[in-house]
Amino acid sequence: MAQKPRVKKSLGACGYAKTSPPVSVLSPTTKILNIEIPFDDALRLNVAIDECVHRLNSYDRATKAGKQSGLILVVHFPSQRITVHERKITGGEA
């Protein structure tokens, strides 16, 4: 039985060194999270964001789908990774 080809879920990823405040003390009242990214990983993040923005720029912004397209950064705390994804952006809480 042939397996389905793996679908690329992110446009790129990078690691990060640490967060301030540490993840262990984050609470619902935490207003700001600083993420320290080493230079090499910052370059990887830049390439991933650039690739996503180029893809978004190819869409027709005159259409509803084009206007709702956007980028999302996903922070994976256990593995200290940040991934870049293309997503439909809807209104809601900021």
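Only a predicted model underlies this, so the values are computations on that prediction, with no experimental measurement involved. Along the sequence shown, residues carry numbers from 1.
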Enquirer: Kindly work out whether a path of hydrophobic side-chain contacts (I/L/V/M/F/W/Y, heavy atoms less than 4.5 Å apart) joins Val84 to Val75.
Expert: yes

Enquirer: Could you tell me whether the side chain of His85 and the main chain of Lys9 form a donor-acceptor pair under 3.5 Å?
Expert: yes

Enquirer: Let me check something: do Leu73 and Ile89 share a hydrophobic cluster, defined by ILVMFWY side-chain heavy atoms less than 4.5 Å apart, either directly or through other members?
Expert: no

Enquirer: From Lys18 NZ over to Ile35 CD1, what is the distance, rounded to the nearest 0.5 angstrom?
Expert: 13.0 Å

Enquirer: Output the distance between atom CG (Leu56) and atom OG (Ser58), rounded to the nearest 0.5 Å.
Expert: 7.5 Å

Enquirer: Please check if Leu71 and Ile37 belong to a single hydrophobic cluster, counting links between Ile, Leu, Val, Met, Phe, Trp and Tyr side chain heavy atoms closer than 4.5 Å.
Expert: yes

Enquirer: If only atom types and distance count, is the side chain of Glu51 paired as donor or acceptor with the main-chain N or O of Gly12 below 3.5 Å?
Expert: no

Enquirer: Just verifying a value: how many Å separate Tyr16 OH and Asn34 CG, rounded to the nearest 0.5 Å?
Expert: 12.5 Å

Enquirer: Would you kindly confirm whether Val53 and Ile72 end up in one hydrophobic cluster when ILVMFWY residues are joined by side chain heavy atoms under 4.5 Å apart?
Expert: no

Enquirer: What pair of heavy atoms forms the shortest contact from Ala48 to Ala13, and how long is it?
Expert: CB-N, 4.4 Å

Enquirer: Under 4.5 Å between any side-chain heavy atoms of Thr19 and Glu36, yes or no?
Expert: no

Enquirer: Counting N and O atoms only, with roles assigned by atom type, does the side chain of Arg61 sit under 3.5 Å from a partner on the main chain of Gly66, one being a donor and the other an acceptor?
Expert: yes

Enquirer: With a 4.5 Å heavy-atom cut-off, do Ser27 and Thr29 have their side chains touching?
Expert: yes

Enquirer: For the side chain to side chain contact (heavy atoms under 4.5 Å, CB included) test, which of Leu45, Val74, Asp41 pairs with Ile82?
Expert: Leu45

Enquirer: Out of curiosity, Asn57 CG to Cys52 SG, how far, rounded to the nearest 0.5 Å?
Expert: 11.0 Å

Enquirer: Do Glu86 and Tyr59 have side-chain atoms, one donor and one acceptor, less than 3.5 Å apart?
Expert: yes

Enquirer: Let me see the working for Thr63 and Lys67 under side chain to side chain contact (heavy atoms under 4.5 Å, CB included), right down to the final yes or no.
Expert: CA-CA 6 Å; Thr63 65; Lys67 289 178 186 173; over 6 Å; no

Enquirer: Can you tell if the side chain of Ser79 reaches within under 4.5 Å of the side chain of His76, non-hydrogen atoms only?
Expert: yes

Enquirer: How far apart are the closest heavy atoms of Pro21 and Leu26, and which atoms are they?
Expert: CG-CD2, 3.9 Å

